[in-house]
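Inspection log for the structure reproduced underneath, given as structure tokens.
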Amino acid sequence: MYPSVYVDQIAAHEGKEVTLHGWLHGRRSSGKLHFLQVRDGTGTIQCVVFKGNVSPEVFHEADHLPQETSLSVTGTVKKDTRSPLGFELDVRSLAVFARPAREFPIGHKEHGVAFLMEQRHNWLRSPRQQVILRVRHSVVKAIRDFFDGRGFTLVDAPVFTPAACEGTSTLFEVPYFDLGKAYLTQSGQLYMEAGAMALGKVYCFGPTFRAEKSKTRRHLTEFWMVEPEVAYMDLDGDMELMEQFVSHVVQTVLQKHETELRTVLERDVEKLRKVVPPFPRITYTEAVEVIQKAGHPMKWGDDIGGDEETVVASAYDRPVMVHRYPAEMKAFYFKKDPGDPKVALGCDVLAPEGYGEIIGGGQREDDLAVLEAAIAQHGLPREAFEWYLDVRRYGSVPHAGFGMGVERCVAWICGLHHVRETIPFPRMMERITP
RNA sequence: UCCCCAGUAGCUCAGUUGGCAGAGCAGGUGACUGUUAAUCACCGGGUCGCAUGUUCGAGUCAUGCCUGGGGAGCCA
């Protein structure tokens with residue numbers, strides 16, 4: 001309907017006349033020349049309108065179009081070393097689809113966080129947000145490619161669940177017909193364990209919900225999580241999978257977006273280049289010693305808090321894997337270490353540079369009797385977990401898996417201060433619009 | 001749930017001891033043939049978050065509320 005070319009393909013049309021459809025990002029003028037920055041979603045190109053090349057009406061209009069006017073520009077593609085893109089469009093004609101009904105709220109100057117969050121739908125048009133969303137897309141694709149390339153099957157977990165998966169987190173409640181209350185999922189893991197008994201290697205990838213009243217830069221109430229689960233895998237195998245997975249995602253994104261990360265987001269990409277196996281591994285007990293030596297009061301059995309986490313993570317130049325946490329701190333389904341029953345066979349991956357926990361996982365309890373006892377000990381409703389116990393009743397095997405939060409991963413790769421910029425429309429405690 | 005901070009023009013902010021409501025940017029009009037957040041001249045733009053109180057007088061002081069931001073706990 002509208003034959004045109006895209007900015008990212010412009011080099012192939014050097015010297016030819018083409019038409020571009022896009023939005024006016026910015027405009028500058030210098031007497032008989034007007035410079036229009038036109039954004040089309042694939043890139044931004046400077047379109048030069050010379051007074052001698054167009055009608056007086058078009059020339060005048062070109063200097064009076066507001067930001068975000070949707071338009072078509074037709075002209076000749078010219079190589080130009082002064083352009084960051086390397087090419088410019090020498091404009092012959094220009095057609096406006098629609099002028100903004102009112103002034104676009106987001107200018108090219110400074111804005112505050114609150115204002116930008118209210119304008120999130122408009123904010124997405126800014127160059128920085130475009131880069132972040134492209135990186136997010138690549139992270140998602142790298143995740144899927146990693147598992148698909150290793151024989152995993154995607155098994156979608158339900159969003160409505162009858163009860164807490166872990167019994168601890170605060171959940172969002174929704175009415176569910178005559179069955180009473182349902183809850184929005186906080187993890188697909190238990191379902192993946194059933195899936196792994198059917199298909200061996202599985203993963204789920206979808207939105208997850210936490211109703212905790214967390215107000216920090218690392219929290220959203222709705223976030224995306226990928227959760228692989230593998231039959232016949234122990235903690236060591238799980239940790240190998242974690243490090244291969246994380247480095248695959250980081251290196252794939254780096255390969256694809258290095259320039260954007262460096263120029264638009266000012267990310268130190270050398271730090272990302274170092275994210276290759278093997279990752280350092282320390283036990284929880286060793287981590288406590290490191291934290292104590294750094295002067296933080298902490299004893300064995302305490303949770304590793306935010307500051308303490310940074311102490312451990314900043315001792316290394318790549319993600320660090322902390323394993324074998326006190327069993328009491330972990331969810332009921334973790335298998336205990338046969339060599340030391342005080343600790344669970346769990347492992348968290350802490351991202352460098354203070355980005356915190358991006359992965360949590362471990363080996364699951366595969367013994368029916370032990371798991372039944374754990375459910376009772378945690379005071380969980382046995383009936384709700386009958387189906388889950390079936391996973392152990394019929395040919396139980398050692399199995400392990402983990403979950404990675406996509407937004408924390410994207411925030412780390414992009415070097416962002418807050419996870420709210422890593423998801424198109426963030427949902428937080430105090431914000432549900434736009 | 002708890003602790004800390006902020007709310008003044010469309011946006012970012014300044015506002016002295018309590019004494020006429022300000023700047024930059026954005027917007028409008030015009031000048032300029034190479035601008036990169038262009039520059040220059042001129043113009044319009046206000047429920048100082050809301051309420052109550054103190055005072056001759058409150059953007060400024062006090063109390064309460066609302067909204068947002070940061071952090072703690074919890075987690076990915």
Side-chain angles (χ1 to χ4, degrees), chain A residues 25-37 44-53 59-60 63-67 78 80-85 88 90 100 102-119 122-123 126-127 165-166 168-171 185-189 207-227 242 246 302-309 329-331 348-351 355-361 402-412 417-420 422-423 428-431 433:
Chain A
H25 178 70
R27 168 166 59 73
R28 283 181 290 272
S29 169
S30 180
K32 290 174 182 160
L33 285 171
H34 299 320
F35 303 96
L36 307 181
Q37 322 297 324
T44 300
I45 187 168
Q46 174 156 281
C47 302
V48 184
V49 185
F50 174 53
K51 195 170 187 176
N53 288 346
F59 186 73
H60 181 264
D63 198 30
H64 290 81
L65 294 173
Q67 187 187 343
K78 287 193 171 165
D80 195 310
T81 49
R82 289 167 293 192
S83 155
L85 184 74
E88 290 186 339
D90 194 15
R102 61 173 74 147
E103 187 191 331
F104 190 66
I106 301 178
H108 296 150
K109 308 291 180 192
E110 250 183 290
H111 295 287
V113 172
F115 175 75
L116 289 171
M117 290 308 290
E118 272 155 32
Q119 297 288 329
N122 293 322
W123 191 19
S126 71
C165 287
E166 303 179 12
T168 49
S169 303
T170 320
L171 304 178
T185 182
Q186 54 147 357
S187 166
Q189 183 206 311
T208 306
F209 309 87
R210 302 278 166 92
E212 270 124 13
K213 295 193 171 180
S214 300
K215 285 184 66 171
T216 84
R217 65 177 129 170
R218 300 184 305 279
H219 287 90
L220 297 168
T221 54
E222 179 183 322
F223 65 97
W224 283 65
M225 188 155 67
V226 57
E227 295 175 281
M242 288 178 193
V246 170
D302 288 349
D303 238 321
I304 297 180
D307 290 349
E308 290 82 14
E309 208 170 75
M329 286 168 48
K330 288 290 177 181
D348 289 348
V349 177
L350 307 182
Y355 281 92
E357 186 184 342
I358 52 167
I359 282 182
F402 63 84
M404 184 185 78
V406 169
E407 289 75 17
R408 283 191 188 174
C409 181
V410 174
W412 165 46
H417 177 70
H418 200 299
V419 291
R420 66 186 156 212
T422 65
I423 188 165
M428 291 174 293
M429 199 178 129
E430 309 277 8
R431 182 171 298 284
T433 54

Q) Which string of ( ) [ ] | and . matches RNA chain B, if you list each base 5' to 3' and count Watson-Crick or G-U pairs only when both distances are under 3.5 Å? A) (((((((..((((.....[..)))).(((((.......))))).....(((((..]....))))))))))))....

(Q) Please evaluate residues Met225(A) and Met404(A) with respect to the criterion side-chain contact (heavy atoms from CB on, under 4.5 Å), reporting the C-alpha separation (whole Å), side-chain torsions for both, the decisive distance (0.1 Å), and the verdict. (A) CA-CA 5 Å; Met225(A) 188 155 67; Met404(A) 184 185 78; 5.8 Å; no

**Q.** Intermediate values then yes/no, side-chain contact (heavy atoms from CB on, under 4.5 Å), Ile359(A) and Asp348(A)
**A.** CA-CA 5 Å; Ile359(A) 282 182; Asp348(A) 289 348; over 6 Å; no

Q: Determine, step by step, whether Val48(A) and Phe35(A) satisfy the side-chain contact (heavy atoms from CB on, under 4.5 Å) criterion, reporting the C-alpha distance in whole Å, the side-chain angles of both residues, the deciding distance to 0.1 Å, and the verdict.
A: CA-CA 5 Å; Val48(A) 184; Phe35(A) 303 96; 4.0 Å; yes

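With distances taken from any side-chain atom of Phe115(A) to the nucleotides G68(B), U12(B), G70(B), the minimum falls on U12(B). Candidate nucleotides G69(B), U12(B), C75(B) were compared by shortest atom distance to the side chain of Asp303(A), and C75(B) ranks first. Among the nucleotides G69(B), C74(B), G71(B), the one closest to the side chain of Ser214(A) is C74(B). With G73(B), G30(B), A76(B) as the choices, the nucleotide that has an atom nearest any side-chain atom of Leu220(A) turns out to be A76(B). If you check G68(B), G73(B), C75(B) against the side chain of Arg431(A), the one that comes closest is G68(B).
Nucleotides G57(B) and A14(B) place their C1' atoms 23 Å apart, quoted to the nearest Å. Only the P atoms considered, G71(B) is 48 Å distant from G30(B), to the nearest whole Å. Atom name P, nucleotides U39(B) and A51(B): the rounded distance is 40 Å, in whole Å. A distance of about 39 Å separates the C1' atoms of G15(B) and G73(B), rounded to the whole Å. With P as the reference atom, G69(B) and A62(B) are 25 Å apart, rounded to whole Å. Taking atom C1' in both G18(B) and C3(B), one finds a spacing of 31 Å when rounded to whole Å. On the P atoms, A23(B) is 13 Å away from G45(B), given to the nearest whole Å. When the P atom is compared between C61(B) and C25(B), the two are found 30 Å apart, to the nearest whole Å.
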What nitrogen or oxygen pairs link the protein and nucleotides 3-8 of chain B at under 3.5 Å?
none

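At a threshold of 4.0 Å, the pair Asp63(A)-Lys51(A) does not count as salt-bridged, since none of the basic side-chain nitrogens sits closer than that to a carboxylate oxygen. Checked for salt-bridge contact, Asp80(A) and Arg82(A) meet the test: a charged N lies under 4.0 Å from a carboxylate O.
Side-chain atoms of His111(A) and Trp123(A), non-hydrogen and from C-beta on, never get closer than 4.5 Å to each other. The closest side-chain heavy-atom distance from Leu350(A) to Ile358(A) is not below 4.5 Å. With contacts defined as side-chain heavy-atom distances shorter than 4.5 Å, the pair Met428(A)/His418(A) qualifies. Side chains of Pro105(A) and Phe115(A) form a contact here, defined as non-hydrogen atoms less than 4.5 Å apart. Counting heavy atoms from C-beta outward, Glu407(A) and Trp224(A) have side chains that approach closer than 4.5 Å.
Gly112(A) comes within contact range of the sugar-phosphate backbone alone, with a heavy-atom separation under 4.0 Å but no base atom that close. Among the atoms of the strands shown, only primed sugar atoms or phosphate atoms (P, OP1, OP2) are found under 4.0 Å from some heavy atom of His418(A).
An OP1 or OP2 oxygen of C75(B) is reached within less than 4.0 angstrom by no side-chain nitrogen or oxygen of Arg218(A). Between Arg210(A) and G73(B) there is no side-chain polar atom (N or O) within less than 4.0 angstrom of OP1 or OP2.
Atom pair Asp302(A):CG and A72(B):P shows a separation of 16 Å (rounding to whole Å applied). As rounded to whole Å, 12 Å separates atom C1' of G49(B) from atom CD of Glu118(A). Between Glu308(A) atom CD and C74(B) atom P there is a gap of 10 Å when expressed in whole angstrom units. In this structure, Leu171(A) atom CG and A76(B) atom P are separated by 13 Å, rounded to whole Å. The interatomic distance linking Glu103(A) (CD) with G44(B) (C1') rounds to 13 Å, in whole Å. Straight-line distance from the CD atom of Gln189(A) to the C1' atom of A76(B): 13 Å, rounded to whole Å. Atom OH of Tyr355(A) is separated from atom C1' of C75(B) by 18 Å (rounded to the nearest Å). Protein atom CD1 of Ile304(A) is 16 Å distant from nucleotide atom C1' of G73(B), rounded to whole Å.
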Q) Going 5' to 3' along nucleotides 31-40 of chain B, which nucleotides have protein heavy atoms under 4.0 Å from the base (write B), which only from the sugar-phosphate (write S), and which from neither (write -)? A) -BBBBBBB--

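Residues that satisfy the ring pair (Phe, Tyr, Trp, His ring centres under 6.0 Å) test with His219(A), not counting sequence neighbours, are absent from this structure. Partners of Arg102(A) according to the salt bridge (charged side-chain N to carboxylate O under 4.0 Å, His left out) rule, which considers only residues two or more places apart in sequence or in another chain, do not exist here. Listed by chain and number, the residues in a ring pair (Phe, Tyr, Trp, His ring centres under 6.0 Å) with Phe59(A) are His34(A) (sequence neighbours excluded).
Taking for each of Gly107(A) and Met429(A) the nucleotide of RNA chain B with the nearest heavy atom, the 5'-most of the two is the partner of Met429(A). Nucleotides of RNA chain B nearest to His60(A) and Gln67(A) differ in position, and the one nearer the 5' end is that of Gln67(A).
Side-chain to base pairing of His219(A) with C75(B): one donor and one acceptor N or O lie within less than 3.5 Å of each other.
A side-chain donor from one of Glu227(A) and Ser187(A) sits under 3.5 Å from a side-chain acceptor of the other.
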